[in-house]
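Nothing here was measured: the structure is a model prediction, and the numbers come from that model. Counting convention: from 1, in listed order, for ligands and their atoms alike.
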Amino acid sequence: MLRIGVLVSGRGSNLQAIIDGIDAGKISADIGVVISDNPKAYALERCRRHRIKSKVILREDFPNRRGFEEEIVRVLKEEGVDLVVLAGFMRILSPFFLSHFPDRVINIHPSLIPAFQGLSAQRKAVEFGSKITGCSVHIVDESVDGGPVIVQAAVPVLPDDTEETLSERILRFEHRILPQTVQWFAEGRVKVEGRRVFVEGARYGTLPVNPDLEKF
Ligand code: GAR
């Protein structure tokens with residue numbers, strides 16, 4: 001069975017969507033460990049409630065990023081993790097970290113990348129005046145929110161949207177495309193060919209989510 005490690009920094013609603021998917025039998029994976037770089041993250045409370053192993057690893061406890069990442073890698077390996085899921089983890093991982101999990105680190109980002117990479121993607125979409133934005137799950141590479149895309153969902157921006165109302169509308173799709181992607185990995189269907197990623201057997205050409213969702 002696929003064993004995932006989830007890296008979080010905050011609220012953990014995407015982590016919750018994965019937990020719920022596992023509990024509902026829609027994801028055939030288990031969570032080996034959740035790692036937070038923030039001791040106050042609400043995601044840690046979710047772990048306690050669901051009896052999921054969690055660990056806080058603080059950047060400031062290490063003299064440099066390398067030491068911090070070495071500790072995260074050590075914990076993930078110790079727990080036998082073979083897919084790393086960034087679910088609201090607000091740090092950039094170095095090539096050193098990624099080399100330990102080649103094409104096996106995924107991230108959820110609240111925009112149709114490459115639009116609005118980095119922080120506050122939803123606010124940027126409102127301020128830009130976009131009419132369609134969305135969310136993406138992608139393989140993590142050395143860029144910031146720029147790695148090969150696995151799946152994207154399109155979400156409309158409404159005239160009276162604020163950052164908050166738009167974030168909420170996008171989040172509903174985040175909670176579907178991230179668990180679905182984990183299940184695609186669990187089924188061994190994600191094929192990476194350079195920048196282009198294909199999910200074997202998935203239905204392409206659908207909106208608002210492409211490729212189409214199957215279980216979520
Ligand atoms: C989510 O909206 C996620 O897409 C975003 O942070 C939020 C975390 O929420 N991630 C990024 O912006 C990454 N660049 P959550 O803690 O409730 O899952």
Inset, instruction - Report the part of L119 in contact with ligand 1, treating N, CA, C, O as backbone and CB onward as side chain, heavy atoms under 4.0 Å; options are side chain, backbone, both, neither. - result: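 The answer is neither.
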Inset, instruction - Give the contacting part of M90 toward ligand 1: side chain, backbone, both or neither, where contact means a heavy-atom distance below 4.0 Å. - result: side chain
May I ask you to decide if [Y]'s main-chain N or O and [X]'s side chain share a donor-acceptor pair within less than 3.5 Å?
X	Y	value
Q122	L166	no
N107	H138	no
R65	I92	yes
S36	P39	no
H109	F116	yes
R189	W184	no

Legend entry - Protein residue, atom and distance nearest to atom 4 (O) of ligand 1, heavy-atom basis: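 That would be E174 OE1, 2.7 Å.
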Should you measure from each heavy atom of [X], which atoms of ligand 1 turn up under 4.0 Å away?
X	result
R11	9 (O), 15 (P), 16 (O), 17 (O)
D145	14 (N)
G88	6 (O), 8 (C)
P110	4 (O), 5 (C), 10 (N), 11 (C), 12 (O)

Legend entry - Ion pair E168/R172, N-O distance below 4.0 Å: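 Yes, charged N to carboxylate O under 4.0 Å.
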Inset, instruction - Taking only Lys NZ, Arg NE, NH1 and NH2, and the carboxylate oxygens of Asp or Glu, determine whether R3 and D30 approach each other closer than 4.0 Å. - result: yes
Inset, instruction - Output yes when the distance from some N or O of ligand 1 to some N or O of G12 is under 3.5 Å, and no in every other case. - result: yes
Legend entry - N/O separation below 3.5 Å, H109 to ligand 1: yes
Inset, instruction - Could you pull out, from A43, A87, S13, the option with a heavy atom nearest to atom 15 (P) of ligand 1? - result: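 Checking each option, the heavy atom nearest atom 15 (P) of ligand 1 is found in S13.
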Legend entry - Test item, A121 contacting ligand 1 (heavy atom, 4.0 angstrom):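 Distance cut 4.0 Å: A121 fails for ligand 1.
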